[in-house]
Asker: 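Quick one: structure below, then a few questions.
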There are 2 protein chains.
Amino acid sequence: MLNDFPLTLKKLNLKVTPKRLAILEILLKESVYLSPEEIWKKMKKRFNRIGLPTVYRNLEELSEGNIISKINHPNRQLYYYLCQNRSHHHHFICLSCRKVEDISFCAAKEIEGEVKRNIRGKILSHILQVNGLCKNCLEKKG
Amino acid sequence: MLNDFPLTLKKLNLKVTPKRLAILEILLKESVYLSPEEIWKKMKKRFNRIGLPTVYRNLEELSEGNIISKINHPNRQLYYYLCQNRSHHHHFICLSCRKVEDISFCAAKEIEGEVKRNIRGKILSHILQVNGLCKNCLEKKG
DNA sequence: AATTTAAATGAAAACCATTTCTACTTAATC
DNA sequence: GATTAAGTAGAAATGGTTTTCATTTAAATT
């Protein structure tokens, strides 16, 4: 994965601001899904003036650009993580430590087959989210 | 699918109230995902006194009992649909008319294989949601 | 390097879906 | 039919997210 964030931002017609870069750096460093408020708290350590709406706005823009992605979480809160692959959003999330890892396996073909056969509809996108416990968290418990 | 709602409710230790049954009947009749407020509006036609919190509470309880299920939707609002299969939550949702249809295909084995091999974690659950346009909506456009 | 301008930001306020609280009502058991 | 635990209405509170608007900044232009 290429993490030349300034270049990525330019390609999306987003200005390269220190705050935007900081959000991406935080998500890269943590490799864990975070809520806007959690990101904001980490931002406050770097910037003396940083508003929560700025974090929300940027997360939404970065999400639209597929640099980061939202987690489908049962509660109302939003969670974001840095995409390891911008076009493929299949991931394993650890319910204990929140770590997000890519799953390369994709059943797109098989699903397409079934949808064509039974539902006779058109697929526009799909979500595969596997919830579980990551290697580290399993070892801690064992 | 067996839709003996009173029996299903009893099994979950939920009292069989007219309002609970009405929520299930509405979701069965519509076969479309609905928000709590949308369900509430339909309920108001049947009951002269019906509070929105009652709808929320019941939806949550029914969801815990796997009779109904939540949709993973980009906006913050909750959406529910009646499960066609209580143990298997793979579905195709139409982005135009909101119809929800079951997908029987399941890649659990393949995913399990990859998670064991690469991630070395433990799977607890998974979500497969396919978004698209259903047969009816495709034909309308064509 | 200074000028320009469209985009980004902070702070306060608004928004609104969801939850809580309390007193009242009802389903189910005996 | 009486009892009791569960369910409900209505009002108020909650809290995550968005809007507004005045100010600041990135970066294109001169």
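Protein chains get the first letters and strands the later ones, always in sequence-line order, with residue 1 at the start of each.
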Asker: Please encode protein proximity along nucleotides 18-30 of chain C as a string of B, S and -, counting only heavy-atom distances under 4.0 Å.
Answerer: BBBB-----BS--

Asker: State whether the side chain of A:His126 and the backbone N or O of A:Ala108 hold a donor-acceptor pair below 3.5 Å, judged by distance alone.
Answerer: no

Asker: Take the C1' atoms of the five end pairs on each side of the helix from C:dA1-D:dT30 to C:dC30-D:dG1, get both axes, and report the angle to 10 degrees.
Answerer: 40°

Asker: Between atom CD of A:Gln129 and atom OG of B:Ser125, what is the distance when rounded to the nearest 0.5 Å?
Answerer: 8.0 Å

Asker: Using chain A heavy atoms and a threshold of under 4.0 Å, write down where along DNA chain D the contacts begin and end, 5' to 3'.
Answerer: D:dG16 to D:dA27

Asker: Could you check whether any side-chain N or O of A:Trp40 sits under 3.5 Å from a backbone N or O of A:Tyr56, counting only pairs where one atom can act as donor and the other as acceptor?
Answerer: no

Asker: Specify the residue among B:Asn48 and B:Asn13 whose closest nucleotide of DNA chain D lies further upstream toward the 5′ end.
Answerer: B:Asn13

Asker: Kindly indicate whether the side chain of B:Ile67, heavy atoms from C-beta on, has any atom under 4.5 Å from the side chain of B:Leu12.
Answerer: yes

Asker: Kindly check if the number of other-residue, nucleotide or ligand heavy atoms within 6.0 Å of NZ (B:Lys122) is above 12?
Answerer: no

Asker: Less than 4.5 Å apart, side chain to side chain, heavy atoms only: is that true for A:Leu28 and A:Phe5?
Answerer: yes

Asker: Compare all side-chain heavy atoms of A:Arg98 with those of A:Leu34 and state whether any distance is below 4.5 angstrom.
Answerer: yes

Asker: Taking the side chain as C-beta and beyond, is there a heavy-atom pair between A:Lys99 and A:His91 under 4.5 Å?
Answerer: no

Asker: Do B:Tyr79 and B:Glu38 come within less than 4.5 Å of each other through their side chains, counting heavy atoms only?
Answerer: yes

Asker: Should the pair A:Lys135-A:Glu101 be classified as a salt bridge under the 4.0 Å nitrogen-to-oxygen rule?
Answerer: no

